Amino acid sequence: MRFTDTLKKNYEFRRLYAKGKSAVTPYLVVYARLTRRSGCRVGFTVSNKLGKAVVRNRVRRRLREIYRLHETGFVPGAELVVVARARAVGAQYRQLERAMLDACKRLGVWRPASP
RNA sequence: CAAGCAGGCUGAGCGACCGCGGGCAUGAGCCGAAAGGCUGUGCGUGAGGAAAGUCCGGGCUCCGCAGGGCAAGGAUAACGGGUAACGCCCGCCAGGGGUGACCCUCGGACAAGUGCAACAGAGAGAUACCGCCCCGGCGCUCCCGCGCCCGGGGUAAGGGUGGAAAGGCGAGGUAAGAGCUCACCCGCCGCGUGGAGACACGUCGGCGCUGUAAACUCUAUCCGGAGCAACGCCGUGGAGGAACAAAAGGUCGGCCCGACCGUUCCGGGGAGGCGGCUUGAGCCUGCCAGCAAUGGCAGGCCACAGACAGAUGGUCGUUCAGGGACCCGCAAAAGGUCCCGGACAGAACCCGGCUUACAGGCCCGCUUGCGUU
RNA sequence: GGAGAAGUACCCAAGAGGCCGAAGGGGCUCCCCUGCUAAGGGAGUAGCCGGUGUUGAGCCGGGCCCGGGUUCAAAUCCCGGCUUCUCCG
């Protein structure tokens with residue numbers, strides 16, 4: 001994740017929830033906004049209502065891997081938070097991937113990478 | 001060979017590409033006055049037997065506390081040992097289960113005191129409902145005797161109720177009965193022998209006492225409280241305080257007037273940062289002591305994670321388990337092809353246990369039954 | 001990560017060893033009131049699961065989150081799980 005930092009502080013998450021736009025899919029919710037920074041910043045939220053620690057870790061790792069593999073397509077300066085919903089627990093990797101890219105495209109922070 | 005019992009180990013292997021957290025080195029690039037930081041490169045490393053539940057015991061911190069005793073509250077409970085300690089472990093005893101290997105048991109004291117034992121039943125340490133027996137009364141009868149809407153007394157053998165009816169059973173005894181007496185058995189106390197002890201055996205003597213302490217209680221032993229979000233250090237700004245200066249300067253403004261603004265130190269401490277943070281009752285090998293838990297000695301090793309919105313992942317190939325379908329075949333076995341497919345589960349200060357979850361696989365020992373020699 | 005609390009009928013809930021065969025509300029059924037409904041008033045049975053029987057009623061057994069245990073007897077006492085909720089920066 002070359003140009004990417006992770007969102008860490010609670011106030012950063014709350015600022016994004018308050019000021020950003022969101023897109024909803026059955027598997028996840030994406031909040032996003034644009035800043036003047038040169039790199040992207042991303043955070044992942046998997047609440048403990050989704051399951052035990054193993055389940056939550058697997059969901060978060062998959063979401064992070066999806067972001068990593070499609071990192072070059074994100075608009076610089078984007079700040080986003082991906083919140084997993086309950087149906088993400090039993091989802092296939094490809095379903096999660098399609099849901100996340102679709103949501104990001106609707107928010108205008110991602111476009112398919114040109115080869 | 002089959003069925004079973006007990007214990008221990010293991011918790012898929014190899015490879016490819018991309019990616020992540022620590023550590024060490026490097027000094028290539030950038031930033032910085034420097035310390036150093038970020039990026040890069042190389043080497044090596046990176047989840048568990050339960051990491052889980054947070055149920056016990058410790059270490060470690062802070063708070064409280066002169067020392068000792070008593071009380072309150074809580075915990076534990078046969079006996080002997082192990083351990084830093086434990087409610088854990090080992091051995092053993094008693095009771096219960098199993099043909100057996102073996103398994104199960106919060107297993108002190110109701111004979112110190114108090115409470116409770118609903119309903120049923122006559123009666124729940126006490127009792128006379130039915131019954132049985134004696135005496136009196138009345139009636140029947142020639143008498144023997146028999147009967148009862150009668151009264152007084154004896155009785156705990158029989159009936160029924162109940163979880164439990166007050167040692168069991170037999171004989172003697174008696175009006176009928178009764179440990180009232182006796183033999184045998186059961187239990188408790190005492191005595192003798194053996195044992196480290198719980199206890200076992202014997203029976204010379206005494207006694208016959210309901211159950212319940214996961215009811216209050218008593219006895220013995222142990223325990224101060226909170227927790228790494230503990231705690232220690234640093235800490236821009238802002239609130240507050242002190243010292244210095246009261247001139248110069250800055251901002252608003254065309255200028256004057258006017259308004260606003262200082263520097264240094266202290267400072268509880270919020271955000272944040274750093275430490276605590278991984279070398280420890282540590283791991284491996286061998287020998288000795290012990291039935292064992294465990295302990296002792298010698299040698300070797302730091303390979304055995306340390307994050308802080310929290311790393312250990314993703315996509316594949318192949319092998320090994322496993323399951324299903326088909327082919328071959330009378331059937332089983334073996335073989336072949338294809339498909340599916342990997343238990344429970346993720347460190348968060350660290351250890352010792354317990355409990356709970358768990359696909360399978362491997363090893364050792366033992367028991368019973370059958371067969372062969 | 002740590003510290004606690006609570007689970008009782010469809011919902012809210014009382015009960016703290018035996019009279020529990022589970023109180024009381026809400027809900028449900030029937031009746032009154034109304035042109036009809038709501039509200040109000042009166043009465044009533046059951047309730048969840050399984051079995052049996054059925055037009056319906058009934059009858060039997062099990063059930064107080066789940067599984068063990070103590071006791072003659074457990075919603076209640078003890079042990080172990082599960083679920084939900086709260087607090088600590």
Side-chain angles (χ1 to χ4, degrees):
Chain A
M1 299 192 196
R2 178 166 288 182
F3 302 107
T4 304
D5 277 339
T6 52
L7 290 173
K8 293 187 194 302
K9 301 304 169 196
N10 197 25
Y11 69 87
E12 295 175 325
F13 280 79
R14 266 183 289 174
R15 186 178 58 201
L16 183 50
Y17 292 149
K19 297 191 174 178
K21 293 182 293 185
S22 66
V24 183
T25 74
Y27 301 103
L28 45 85
V29 182
V30 177
Y31 295 83
R33 67 171 193 153
L34 290 173
T35 66
R36 294 172 198 269
R37 295 164 55 89
S38 58
C40 291
R41 304 211 300 165
V42 62
F44 299 96
T45 296
V46 183
S47 86
N48 60 6
K49 287 185 180 176
L50 265 67
K52 301 176 185 179
V54 174
V55 174
R56 298 198 304 269
N57 275 340
R58 188 169 59 238
V59 170
R60 188 173 59 244
R61 283 164 179 162
R62 279 182 165 172
L63 292 177
R64 218 171 38 215
E65 185 71 9
I66 290 164
Y67 175 82
R68 186 182 70 82
L69 292 174
H70 299 89
E71 188 183 12
T72 53
F74 280 89
V75 174
E79 220 179 51
L80 48 134
V81 166
V82 182
V83 180
R85 304 181 75 188
R87 288 188 55 190
V89 171
Q92 301 284 319
Y93 175 81
R94 296 295 170 196
Q95 295 175 307
L96 283 180
E97 184 180 44
R98 201 172 327 122
M100 180 162 157
L101 295 182
D102 183 61
C104 291
K105 198 157 51 183
R106 274 190 276 149
L107 291 169
V109 294
W110 184 80
R111 54 181 178 274
S114 47

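Since this is a predicted model, take the numbers as computed values, not measurements. A note on names: the letters A, B, ... follow the listed sequences, proteins ahead of strands, and every chain is numbered from 1.
- Figure legend: cation-pi geometry between A:Arg62 and A:Tyr93 absent, as NZ or CZ is not positioned both under 6.0 Å from the six-membered ring centre and within 45° of its axis.
- Going from the P atom of B:C133 to that of B:G163 covers 33 Å, rounded to whole Å.
- For C:A57, the base adopts the anti conformation, since its glycosidic angle falls more than 90 degrees from zero.
- Between A:Leu28 and A:Val83, the closest side-chain pair of non-hydrogen atoms is not below 4.5 Å.
- For B:U278, the base is syn relative to its sugar; the glycosidic angle is within 90° of 0.
- Ion pairing between a basic and an acidic side chain is recognised when a charged N comes within 4.0 Å of a carboxylate O; A:Arg94 and A:Glu97 show such pairing.
- RNA chain B is contacted by both A:Arg62 and A:Ala53; A:Arg62 maps to the nucleotide lying nearer its 5′ end (nearest heavy atom per residue).
- Checking B:G177 for Watson-Crick or G-U wobble geometry (two distances, each under 3.5 Å) identifies no partner in any strand.
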>> Could you walk me through whether A:Val75 and A:Leu34 satisfy the side chain to side chain contact (heavy atoms under 4.5 Å, CB included) test, starting with their C-alpha distance in whole Å, then the side-chain angles of each, then the deciding distance to 0.1 Å, before giving a yes or no?
In response: CA-CA 8 Å; A:Val75 174; A:Leu34 290 173; 4.1 Å; yes
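- Separation of the C1' atoms belonging to B:G121 and B:G147 is 31 Å when rounded to the nearest angstrom.
- Distance, A:Arg58 CZ to B:G313 P: 11 Å, rounded to whole Å.
- In this entry B:U372 has no Watson-Crick or G-U wobble partner, no candidate having both defining distances under 3.5 Å.
- Taking atom C1' in both B:U312 and B:A348, one finds a spacing of 15 Å when rounded to whole Å.
- In this entry the distance linking CG of A:Leu69 with C1' of B:G19 reads 8 Å, nearest Å.
- Within the structure, every side-chain polar atom (N or O) of A:Lys52 is placed at least 4.0 Å from both OP1 and OP2 of B:G346.
- In this structure, B:A289 forms a base pair with B:U294, meeting either the Watson-Crick or the G-U wobble geometry with both donor-acceptor distances under 3.5 Å.
- Taking atom P in both B:G53 and B:A101, one finds a spacing of 42 Å when rounded to whole Å.
- Taking the six-membered ring where tryptophan is involved, the planes of A:Tyr67 and A:Phe74 are tilted, since the angle between them lies from 30° to 60°.
- In this structure, CZ of A:Arg56 is placed 13 Å from P of B:A345, rounded to the nearest angstrom.
- In a base pair of the Watson-Crick type (N1 to N3 plus N6-O4 or O6-N4) or a G-U wobble (N1-O2 and O6-N3), with each distance short of 3.5 Å, B:A242 is matched with B:U264.
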Listing time: all N or O pairs from protein to nucleotides 306-311 of chain B that are below 3.5 Å?
| unit_1 | atom_1 | unit_2 | atom_2 | d |
| --- | --- | --- | --- | --- |
| B:A309 | O2' | A:Leu7 | O | 2.5 |
| B:A309 | N7 | A:Lys8 | O | 2.8 |
| B:A309 | N6 | A:Asn10 | OD1 | 3.0 |
| B:G310 | OP1 | A:Thr6 | OG1 | 3.4 |
| B:A311 | OP1 | A:Arg60 | NH2 | 3.3 |

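- B:C18 atom C1' lies 11 Å from atom OH of A:Tyr93, rounded to whole Å.
- B:C209 and B:G167 are spaced 10 Å apart, taking the C1' atom of each and rounding to whole Å.
- Searching all strands for a Watson-Crick or G-U wobble partner of B:G22 with both distances below 3.5 Å returns nothing.
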> Hey, mind stepping through A:Tyr17 and A:Ser22 against side chain to side chain contact (heavy atoms under 4.5 Å, CB included) and telling me if it holds?
Replying inline: CA-CA 8 Å; A:Tyr17 292 149; A:Ser22 66; over 6 Å; no
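- By the rule that a glycosidic angle within 90° of 0 means syn, B:G179 counts as syn.
- The base-pairing partner of C:A6, taking Watson-Crick or G-U wobble contacts with both distances under 3.5 Å, is C:U83.
- Taking atom CD1 on A:Ile66 and atom C1' on B:G313, their separation rounds to 12 Å, with Å as the unit.
- On the P atoms, B:G268 is 34 Å away from B:G280, given to the nearest whole Å.
- To the nearest whole angstrom, the two P atoms, one in B:G123 and one in B:G136, are 33 Å apart.
- When both distances must be under 3.5 Å, the Watson-Crick or G-U wobble mate of C:U55 does not exist.
- Nucleotides C:A13 and B:U217 are separated by 36 Å at their C1' atoms, to the nearest Å.
- Nucleotide B:G258 is matched to B:C252 when pairs are restricted to Watson-Crick or G-U wobble geometry with both distances under 3.5 angstrom.
- Using modelled atom types, one side-chain atom of A:Trp110 and one backbone atom of A:His70 make a donor-acceptor pair closer than 3.5 Å.
- The glycosidic torsion of B:G192 lies more than 90° away from 0, which places this base in the anti conformation.
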> Run the side chain to side chain contact (heavy atoms under 4.5 Å, CB included) check on A:Arg87 and A:Tyr27 step by step: do they pass?
Replying inline: CA-CA 5 Å; A:Arg87 288 188 55 190; A:Tyr27 301 103; 4.0 Å; yes
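- Ion pair A:Glu65/A:Arg68 flagged as a salt bridge, since at least one NZ, NE, NH1 or NH2 atom sits closer than 4.0 Å to an Asp/Glu carboxylate oxygen.
- Applying the 90° criterion around 0 to the glycosidic angle, C:A16 comes out syn.
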